[in-house]
Amino acid sequence: MSTHTIATSLQTETETSTVIDRRWQEALQTLITDPRELITLLELPEEALQGALASAKDFPLKVPRPFIEKMKKGDLNDPLLKQVLPIHQEQDAIPGFTYDPLEESESNPVPGLIHKYRSRVLIVTSSQCAIHCRYCFRRHFPYEDNRSQGNHWSKMLHYLQQHPQVNEVIFSGGDPLSIGNRALINMLNDIETIAHIKRVRFHTRLPVVIPERLDTPLIEALANSTLKTLLVIHTNHPNELDTRLAKRLHKAQQAGITLLNQTVLLKGINDCADVLSELSEALFAAGVMPYYLHLLDRVSGAAHFEVSEKQAQTLYKTLLGELPGFLVPKLVREIAGKESKTPISVF
Ligand SMILES: *Cc1c(COP(=O)(O)O)cnc(C)c1O
Ligand code: SF4
């Protein structure tokens, strides 16, 4: 596509931006939260219901319809379904799996702001996610105390001003894209006034589960910022990358936004070199570079997803043989108290 056609197509969509906005907001308002409904929609066996109801009490089921559309009906082993369906095993207390595995509450100088790594801070932009991933390390995070609204936002800006070693702000959550474009643009504009901040990065899964969230006003706002902007999406399986999503990502990339992906290594979902290699290929085809392959954070309720470090190393060696170097994500683990993610060596 030439630059000219892109500009034209962006402009056409801007004119109907309210309509586009409504589409993702509607998808957010019609999330599936009742395990019975999910089981009926996907024609799953009834015996899945009991576990789903029991485990949804601790961390509710939440999944958008566009994500469900990518799942195979009648298949309890569907790799996307397994990421969202609550099951009995979540109730098992497993030694070593805790409520705050990353000890984030230790590096929380202002409510909603986490400063663990020297040059970048993470901001809990929204307490909401469009989807609840069963393996999420924030499944027990006290979001209610950590919203970046009102008062907190000015305290955060003040903190950024006082810390010249910080050159990058990460909008995280929850999911930062669960709030509207207007609010995001206001935050972006505030950050642009701080001279030592060079980049803003969004860690988001929302476009993956509701592709329309990557709408033209958002793409334009990020592309037009005086800051470098990055979107780090989160996909775990190639089935998540359908053409609807790929089209949006491609557009964002063409507009000059850097696109990266992070994956969590999950037992029974993507613990196989072929699946991971297919994922990297699909990401690249959509304009996204693989960034991190995370070992699971040991949060209580997620033990059944864990792939051992040894298995991960073996798998990673196979991956190195299958992919060009630039499509191999970095294999890392997060260790509480460290100054960066910790690379896992395989040789
Ligand atoms: C992961 C993380 C970051 C970002 O780390 P990068 O290695 O720069 O991607 C920043 N802050 C916190 C608290 C994190 O958990
Ligand atoms: S923070 Fe990310 S991994 Fe956790 S539930 Fe939200 S979208 Fe899923």
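Counting convention: from 1, in listed order, for ligands and their atoms alike. Atoms considered below: every heavy atom in the structure, side chains included; atoms not considered: hydrogens, waters and symmetry mates. Since we're looking at a predicted model, the values are computed, not measured.
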Heavy-atom contacts under 4.0 Å between Glu168 and ligand 1: side chain, backbone, both, or neither? neither

Salt-bridged, Asp215 to Arg213, with N to O below 4.0 Å? yes

So the atoms of ligand 2 within less than 4.0 Å of a heavy atom of Ile131 turn out to be 5 (S), 6 (Fe), 7 (S)

Pull out every atom of ligand 1 sitting under 4.0 Å from any heavy atom of Ile114, numbered as shown with elements. 13 (C)

Proximity to ligand 1 by part of Val121, non-hydrogen separation under 4.0 Å: neither

Mark yes when over 12 heavy atoms from residues, nucleotides or ligands other than Lys62 sit less than 6.0 Å from its NZ; otherwise mark no. yes

Quick one: which of Glu37, Glu212, Glu26 gives a salt bridge (Lys or Arg N to Asp or Glu O under 4.0 Å) with Arg65? Glu37

Which segment of Glu334 sits under 4.0 Å of ligand 1 when only heavy atoms are counted: side chain

Check whether any N or O atom of Lys116, backbone or side chain, sits under 3.5 Å from an N or O atom of ligand 1, and answer yes or no. no

Per-atom filter on ligand 2: closer than 4.0 angstrom to a heavy atom of Arg205 are 7 (S)

Could you say whether the N/O atoms of Arg201 and ligand 1 ever approach to under 3.5 Å? yes

Parallel, tilted or perpendicular, judged at 30° and 60°: which one describes the rings of His132 and Phe59? parallel

What protein heavy atom sits nearest atom 14 (C) of ligand 1, and how far away is it? Lys341 NZ, 3.1 Å

Asp175 heavy atom under 4.0 Å from ligand 2: no

Do any of the N, O or S atoms of Cys136 sit under 2.8 Å from atom 4 (Fe) of ligand 2? yes

Side-chain donor/acceptor of Ser225 to backbone N/O of Leu222, under 3.5 Å: no

Leu49 and Ile32: same hydrophobic cluster, using ILVMFWY side-chain contacts below 4.5 Å? yes

Which residue and heavy atom of the protein sit nearest atom 12 (C) of ligand 1, plus the separation: Leu122 CD1, 3.6 Å

Test applied, side-chain contact (heavy atoms from CB on, under 4.5 Å); reference residue, Leu266; option that passes from Val307, Asp271, Leu296: Leu296

Please report which non-hydrogen protein atom sits nearest to atom 4 (C) of ligand 1, along with the residue it belongs to and the distance in Å to one decimal place. Ile170 CD1, 3.6 Å

Minimum non-hydrogen distance to atom 6 (P) of ligand 1, winning option of Tyr291, Tyr117, Phe137: Tyr291

From atom 5 (S) of ligand 2, work out which of Cys133, Ser126, Ala130 has a heavy atom at the shortest distance. Cys133

So which heavy atom in the protein is nearest atom 8 (O) of ligand 1, and how far is it from that ligand atom? Arg120 NE, 2.6 Å

Donor-acceptor pair, Thr314 side chain versus Lys310 backbone, under 3.5 Å? yes

Backbone, side chain, both or neither: what part of Arg139 comes under 4.0 angstrom of ligand 2, heavy atoms only? neither

Any idea which protein heavy atom is nearest atom 7 (O) of ligand 1, and the distance to it? Tyr292 OH, 2.6 Å

Checking the side chain of His237 only, and the main-chain atoms of Asn239 only, is there a donor and an acceptor separated by less than 3.5 Å? yes

